[in-house]
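A short worksheet on the structure shown next.
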There are 2 protein chains.
Amino acid sequence: MNNPKKYLIKFIPSGKSIKVPQNYNLKQAILDSGIHIDSSCGGVGTCGRCKVCIKEGKVSTKRSKFISPKQKKAGFVLSCLSQVQSDIIVEIPKQKKEKAKIEKGRFADIDSKSYSGISSDEFLSVEIKPWIKKETMSIRKPSLSYGTSDLFRLKKSIRENLGIENCTAPIHIIRQLPQVLREKDWKVTVIVDKENSTLIDIQPGSSGKKSYGLALDIGTTSLVIYLVDLTDGKIISSESEYNPQIRFGEDIINRIVYANKKGGLAKLREVILDSINDLILKLLAGSNVDVDSIVSVMVSGNSTMMHLFYGVPPRYIREEPYVTVANKFSNSTAKEIGIKHIKNAHVYSIQGVASYLGGDISSGILATGMYEDKELSLFLDLGTNGELVVGNSEWMMGCSCSAGPAFEGGGVKCGIRAVDGAIERVSIDQKTYKCKIGVIGGGKPRGICGSGLIDMIGEIYLKGVIDRKGKFNKDIGNRYLRCVERDCQYVLVNASDSATKKDIYISEVDINNLIRAKAAIYAGVKTLLEEVDLSIYDLKKIYIAGGLGKHLNIRNAVVIGMLPDIDINKYFFMGNTSVTGAYLSLLSENKYRKSSKIAEHITYIELSVNMKFMERYVAGLFLPYTDMKDFPTVEESIYSLKGKKKRGAK
Amino acid sequence: MNNPKKYLIKFIPSGKSIKVPQNYNLKQAILDSGIHIDSSCGGVGTCGRCKVCIKEGKVSTKRSKFISPKQKKAGFVLSCLSQVQSDIIVEIPKQKKEKAKIEKGRFADIDSKSYSGISSDEFLSVEIKPWIKKETMSIRKPSLSYGTSDLFRLKKSIRENLGIENCTAPIHIIRQLPQVLREKDWKVTVIVDKENSTLIDIQPGSSGKKSYGLALDIGTTSLVIYLVDLTDGKIISSESEYNPQIRFGEDIINRIVYANKKGGLAKLREVILDSINDLILKLLAGSNVDVDSIVSVMVSGNSTMMHLFYGVPPRYIREEPYVTVANKFSNSTAKEIGIKHIKNAHVYSIQGVASYLGGDISSGILATGMYEDKELSLFLDLGTNGELVVGNSEWMMGCSCSAGPAFEGGGVKCGIRAVDGAIERVSIDQKTYKCKIGVIGGGKPRGICGSGLIDMIGEIYLKGVIDRKGKFNKDIGNRYLRCVERDCQYVLVNASDSATKKDIYISEVDINNLIRAKAAIYAGVKTLLEEVDLSIYDLKKIYIAGGLGKHLNIRNAVVIGMLPDIDINKYFFMGNTSVTGAYLSLLSENKYRKSSKIAEHITYIELSVNMKFMERYVAGLFLPYTDMKDFPTVEESIYSLKGKKKRGAK
């Protein structure tokens, strides 16, 4: 019982090998060996991406729809569903490039220059002053006349070299101290958390000046992670992945419901940690970075995601009066949290404001720099929830308005996320009403994403295809319109031209969903501003963050009444500001402290019980708004287009 | 594999039961059930004390010399050597009272009043001001207009009720927070470590004002532990046990050697933790204290014991220049350390001075109060090592001199520890040379312990049985003396009168061992004093600590030249000052800080390379000393006894 038989697994083409006991999970063995394997379902056989080929030996496995009979014959299995039953040789297929087009943030995206907007220098300076210090130093040798303890002499060197008083040494470091100090003749490299005066690691001799950190954004939909050189701020590599919790619920509310079930919270935590552990292996696989030199992790995410990440019940986030358990979690070691591979690293997270205004927003505000700006700015993070913050260096006020899943393609018949094959831009021919579309990644379209929907509705409203209530005009001779029973559908792409061999269309129901989403956003903006007796015309800058931002056509967002009708030059796309803020905080003690100050500084307004918000929301159920005076340039456009048409008709 | 069959164990007479998998160790199952079972060997079958009787069902077990054939037939087994193989019913015999007479310290020993010496009031006041606070408080309910996080509101209440700013909450507490806060309508009892501003535990509702702590002394030979009421300082119960590491080496040096072997350190740590865990169960079994209300542990011990307790390699303690890895270990949770049952409790330890002047000595100095005394005092802890500190409220200087194991009965043919059956007092009839003995616990003697040896040698020296070199006078007609080959032996007890049915005697070799031990102590005292140009006549108080102290006859210790020949009223027996200091520190933040200041305050003198010490040691190899001027009253006694004899002979 105590010494079970172990089997040898050899991996090809890498040549790596590992010994594991019988019945050991094959995917785990692959991960244990430090070999990257794609996976997005958390190891339950539902994504089909951890396929491997057993070249020799035996595994027990389960049937999978991802393995064809032919593949089965050739030895293919899903590694997550397989247990080792003998010595085996396993071929790991070349891993496919991740298809999801997850917004990685302005610093990591290769095509970040294509953002309409501002250069990074303009709004933020990347301050490189992390509170994790790595330093090689000599420790004074003990002698009969200087017989103080190893720890005392080490602390003295740390004080002299780094100016850190009374550094705490965790017991696991004290245990290895005598060996490490003597291994290279009293020369060691120490890694110290200056913020908490704690020793993170100690290595014999000089192990180089380089140390690395991870900036991690845990979004409801996706995870983004950077591997960052802490000495120069360079992003060595970045990875992204869908949040594997999606299969337990698309949005936050469903996740909270699932977390309430027996074992639900543990499961949600487990799958997110699995994904993060996988992403770390991916990051490492693509770099020359030694795992021991990763010393810190900075995590940003909304309040629910942070609760799930730390294993804290999120239940009361969705029950009135909607409170979090904590907005700020104490610093921990990766081991305590459950992050593998980098056990000694310290894990920090960005402080949140409230249940529906989390650390991702504090992080976002940090990324914009608006907390240092005397002029009035508006920050808008557009996702399932629209989070809004208005303010300047003196004050800030924030709120969250549930926009529903429409911006992420949810609740819309042909809606999909902003992945390859998604229609992200639409324009309509004024005469024929034919759609001209732009598809992410080129190729045939599979559906329409949030920015495509906004474009589409803006276009068809301006061109008279729908009225102010979002209902189709049936008498304009639009041959792309078809009415089935009570529902009318506008076909953007015929089945023959789509990747799914089905028509891609939008219906009045879809339009209605989007109108409700945009009404919530605009009502939030109006309510926040009027709380402090300001108007949209007082805004000097509007920062658009979130996955939607990258593909959004601002003009059409204004046309449908989602964004304020002010000078378009005041708008700036910021991309994934949550990971950007985490990146900045990772690199600077000062910025990290700022992020907490931002969180404490923002006054949170609960809109769910705000009557003014409700009034404005109802007023927003028209295109662009009940009172057209709020949208003068839209009125003008409609007038001028109608005029043209009249002239053309003459 | 994942769901192995479990067997039901029922214990009688307690009626408790537990389910365990096949092959589970029976002793572990008993401990898991919270039932106390005697054991001192760490579960390897060598002490024979965990005997139980299998009434029904099957275990697999190993043969043991402690189980007679008759007992075997009746179902008796050693539980530590037995594995569960079916549902069973186990009878736990009534546990015998611990036989070892371990010095439990002045506050816990029932017969502490029998100390010659001082009342506790005179030297120390027990200040009850622990830094662990237990308080029941109401937390403000959240509302839509007060929607801060649970943690924020809790911290606010802690600040308002206890004056503790920004209390840190470990993640395991945050995880249970929402549930605990709401369970009794926002009323909770919090336990906070004020010193480190950390939340230790939180319980729903009012769980009473009482909280408890453990004071623990880890000695080379024995463990002593107190269960202390932190609200009034009362010692609820106390337990003691031999240090189970003894079987890996009697003294510190042998333990260090063993720790250096592969797996040795882990083993030594494991057995000490096992014993501590057992002692905690014993303490609890004898009290009404709820395990959750034990919130802190204060540990005291010499440097090697602390290294082994924390799992830190002690190797360099015995290699020149003799340095510790650490003299102060950071505070930890019981769970981190490996102390079971009381997982959330915080573990603190008393800071040491050097490799051979550990936390037990800082603790001892704290217990004497000499750090606040303007007059010059000497502190002497007598065990395998003699540790000495001299000084006053202005300065302190300390050293350690290896006395060898003679004081603990080691290296002496008929030597035993100060347990039941040990001869602890000896007087000699001037005419017949017959020994009159005092035996610990009464009854027939089994051997002689340290204080008995000192008495014996003092007596026979004064009475002319041995000369100043410790050699027997063969021409005085001593019929208890017998010379076998080159060795002469003085028979104290005939085989017929001893419990072992063998003669109890001391030989010249034994005497020589004791002379070397006493020479080391006295040389240490002289050297320390002369380092600061003082003499023994400047001493106003001499505190005697350690297990030997309780039974020691001061006059005879002076006669053999071990203790300074000054006014006997200046001597005070203090008992186990290590556990007393731990007890005082447990109860008072102020006293705990003092113990660290004491450690930092003491100047350590390394005697092993001190030439003056060596000279004085050699001078001490005579009785009482080379220069009789150091021992005027001893000279006088000898003169007067000789005079009497002469007169008697006339």
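Letters A, B, ... mirror the listed sequences (proteins, then strands); counts begin at 1.
Looking at every heavy atom in both residues, B:S60 comes nearest to B:Q85 through OG-NE2, 2.8 Å. In terms of heavy atoms, B:T168 sits closest to A:S330 at CG2-CB, 4.0 Å. Between B:R269 and B:F309, the closest heavy-atom pair is NE-O, 3.5 Å. Across all non-hydrogen atoms, the minimal contact from B:I200 to B:I173 is O-CD1, 3.2 Å. Scanning both residues, B:D193 and B:E195, for their nearest heavy atoms gives OD1-N, 3.0 Å. Residues A:V192 and A:V190 approach most closely at CG2-CG2, 3.9 Å, considering heavy atoms.
Within residues 259-266 of chain A, no residue has any heavy atom less than 4.5 Å from a heavy atom of chain B. When the heavy atoms of residues 597-614 of chain A are compared with those of chain B, the residues falling under 4.5 Å are A:E606, A:V609, listed by number.
Between chain A and the residues B:H172, B:R182, B:E336, the largest count of heavy-atom pairs under 4.5 Å involves B:R182. The greatest number of non-hydrogen atom pairs below 4.5 Å with chain A, out of B:V353, B:T324, B:L181, B:L177, is found for B:T324. In terms of heavy-atom pairs under 4.5 Å with chain A, the best-connected choice from B:S145, B:P313, B:S332, B:S355 is B:P313. Contact count versus chain A (heavy atoms, under 4.5 Å) is highest, among B:D150, B:V325, B:V312, B:L151, for B:V325.
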Could you check B:V323 against A:S149 for side chain to side chain contact (heavy atoms under 4.5 Å, CB included), going step by step and ending with a plain yes or no?
CA-CA 5 Å; B:V323 293; A:S149 69; 5.9 Å; no
Pair B:L154-B:L199, side chain to side chain contact (heavy atoms under 4.5 Å, CB included): steps then yes or no:
CA-CA 10 Å; B:L154 173 67; B:L199 202 57; 3.8 Å; yes
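Side-chain atoms of B:N302 come within 3.5 Å of backbone atoms of B:T304 as a donor-acceptor pair (strictly under, hydrogens ignored). The backbone N or O of A:I317 lies less than 3.5 Å from a partner atom in the side chain of A:Y356, making a donor-acceptor pair.
Within the 4.5 Å cutoff, side-chain heavy atoms of A:M396 are placed close to those of A:V389.
Judged as a side-chain hydrogen bond (donor to acceptor under 3.5 Å, both in side chains), the pairs with a partner in residues 306-317 of chain A (not counting sequence neighbours) are, in order, A:Y310-A:S349, A:R315-A:E319.
Heavy atoms of A:K141 lying under 4.5 Å from chain B are absent altogether. If you measure heavy-atom distances from B:S303 to chain A, you find no contacts under 4.5 Å at all. For A:A169, the part lying near chain B is the backbone, with the side chain staying farther off; criterion is any non-hydrogen pair under 4.5 Å.
Scanning for side chain to side chain donor-acceptor pair (under 3.5 Å) contacts around B:S362 gives an empty result, with sequence neighbours left out.
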